[in-house]
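All remarks here apply to the structure that follows.
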Amino acid sequence: MLRALPLPLTANGPSVPHGVDELWPLAEAGGKGDATALRTLLSRVSPTLLRVVRRVMGGQHPEVEDVTQECAIEFVRALRQFRRESSVQHFASRVALRVAMNARRRRRAAKRAPEFPTDFVDADEADGGHLQPDAHLASRTAVAVIRNLCDELPAAQAEVLALHCVLGHTMSEVSIICGAPLETVRSRLRAARLALVERAMSQPLLREILETPP
Amino acid sequence: MSRPDPIALLCQLRREAEGPDAEPRLGQLLASSPEARLVQLALGEFERESEVRAGDEVRLSILSEQAILEAAEPPPRDSHVTLPPALSLFRRSAKARRLRLALAVAAAIVVMGGVAYGLRATGRLLGLGLGPATPATPSATARTPALPRRAASPRATTAPREPPLAPPPSLPAASGAPREAAPVARPRATPLAAPEPLGEPRRSRAAALFSDANAARRAGREQDAAALYRQLLLAYPSAREAPPSRLALAKLLRAKNPGAALTQFEALAQGATPFRAEALWGIASSAQALGQRAKEEQALLDLVQEFPTSPYASAARARLGDDRR
């Protein structure tokens, strides 16, 4: 059964040294309800929220704006519980990731068909850009496989997989963002990776890439 | 020591791409690890999908402002009532908020209808002439046939119809209905019979216009978007959507018509607006495009003085420094 990822975030992982993040004072003031601080803070973190939502939902997904707004609301509300255990940008990134993944899971749980296919490749798109059409198709397929897998994996594994494979964070960053020990993150990633390879091997185009070194 | 995970190593090497030996190591990793090839392929596509696009700046300012307004409402999880997880999930969705709004509107309609019916009954009892049986201005009813018909109910065919009444002062004068001949015998009915159609309150019409304008802007129909933003500003100057609409309109106008954009930015900067920093920055940019150096410098100085910690302030300081050099 699909379950929503928990909010708010109360991590107890490795901490970021104090005085490193210039956004901490703004986050603290924002958490106390200072509207000016919130506005400035959101002007700094909202590009991160939008970027994460576009990556998780798809750049052309019709709900990107709605979900980004939901992320901003959750971020502002979660600031009250922010305990400087990571940078503000990482915190925002995790909030956005969870809200966006929940939005995808809700859609799946409601068994709603997408308004239009978001993971398709049309002729014009495949023809344009700097990638060859087959490479473009393969990359779109890889993206679709990872997104679907993130919808279906247990929440903890899905989060680690998304932080790595969707947002491109390093292992130590994932450990800080999730507030989990490095070994735990490593073990979650290992389990998610096995599922990813299995899923990719079922796609002929991706199997070819997996089996053929460049 | 255990072998590093290829995906973790890939993320690390992508991050260190500027390093001297990162590229050959990345090549080796991609040659040896199928998973790394797969994730490398996907990460490139994710990056393309999340590239910054035209209009993101306006989109994000509007979203941020709405988020601050919405987050200012008391968060449900701070309340003493703990909802089950399924409901708390529902509570967080944007659609749930829209549903709550629709329910509130429906409840308001029911209450207003009940009060109107009660007043009419009371008026009849007291002989105040609230129906066409004692018309104060018979011609007024004839001039505005559309207003009462909107509230069509089974009762409407048999019960006397409400005569036209004046709109609340905040509504624009161009709503079409004549305003004269307000009967003196029914002062208490005024707030109950505003000329807005039932079920379509002022707030939702402004929101709908705002939403349409945003959709047009996102679709690249800039002229349509500008027209809709203008319509919203004209019809609902005090709506919550007005300041972000003015900002969006000003930004749409900036490239092709800096004079008009300057007017909008200046209007936005007036009074207590949440977008004053953005407005000052817009004034400076538009004034620069128009060659109005004094106005540009004044806006930058105001920006630095009023919003010293804003992201605009450092850029403003840099521009002031350049200008004075």
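Chain naming here is simple, since letters A, B, ... match the order of the sequence lines and numbering starts at 1 in each.
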Counting C-beta onward and ignoring hydrogens, is there a side-chain heavy-atom pair between B:Asp56 and A:Arg54 closer than 4.5 Å? yes

Going by heavy atoms in the side chains, are B:Arg48 and A:Ser139 under 4.5 Å from each other? yes

Based on non-hydrogen pairs under 4.5 Å, which of [options] is most in contact with chain B?
options                             : value
A:Arg193, A:Glu173, A:His169        : A:Arg193
A:Val185, A:Thr68, A:Val76, A:Leu50 : A:Leu50
A:Val166, A:Leu167, A:Leu189        : A:Val166

Interatomic distance, [X] atom [atom1] to [Y] atom [atom2] [nearest 0.5 angstrom]:
X       : Y        : atom1 : atom2 : value
B:Leu10 : A:Thr170 : CG    : OG1   : 11.5 Å
B:Ser61 : A:Arg39  : OG    : CZ    : 11.0 Å
B:Glu57 : A:Ser46  : CD    : OG    : 10.0 Å

Should we say atom CD of B:Gln305 is surrounded by more than 12 heavy atoms from elsewhere, each under 6.0 Å from it? no

Non-hydrogen atoms of [X] and [Y] that approach each other most closely:
X       : Y        : result
B:Leu41 : A:Ala142 : CD2-CB, 4.5 Å
B:Leu43 : A:Arg55  : CD2-NH1, 4.4 Å
B:Glu49 : A:Gly58  : OE1-CA, 3.3 Å

Do the charged groups of A:Glu65 and B:Arg217 touch, with an N to O distance under 4.0 Å? no

Ignoring hydrogens and angles, write down the donor-acceptor pairs under 3.5 Å from the side chains of residues 28-35 of chain A, residues two or more places apart or on other chains.
| residue | atom | partner | partner atom | Å |
| --- | --- | --- | --- | --- |
| A:Glu28 | OE1 | A:Arg84 | NH2 | 2.6 |
| A:Asp34 | OD1 | A:Thr36 | N | 3.0 |
| A:Asp34 | OD1 | A:Ala37 | N | 3.2 |

Applying the side-chain contact (heavy atoms from CB on, under 4.5 Å) test to B:Leu38, which of A:Val145, A:Leu206, A:Val197 qualifies? A:Leu206

Pair B:Glu35, A:Leu196 - check side chain to side chain contact (heavy atoms under 4.5 Å, CB included), show working. CA-CA 8 Å; B:Glu35 300 102 304; A:Leu196 176 63; 5.8 Å; no

Between B:Glu47 and chain A, which part of the residue has a heavy atom less than 4.5 Å away: side chain, backbone, both or neither? both

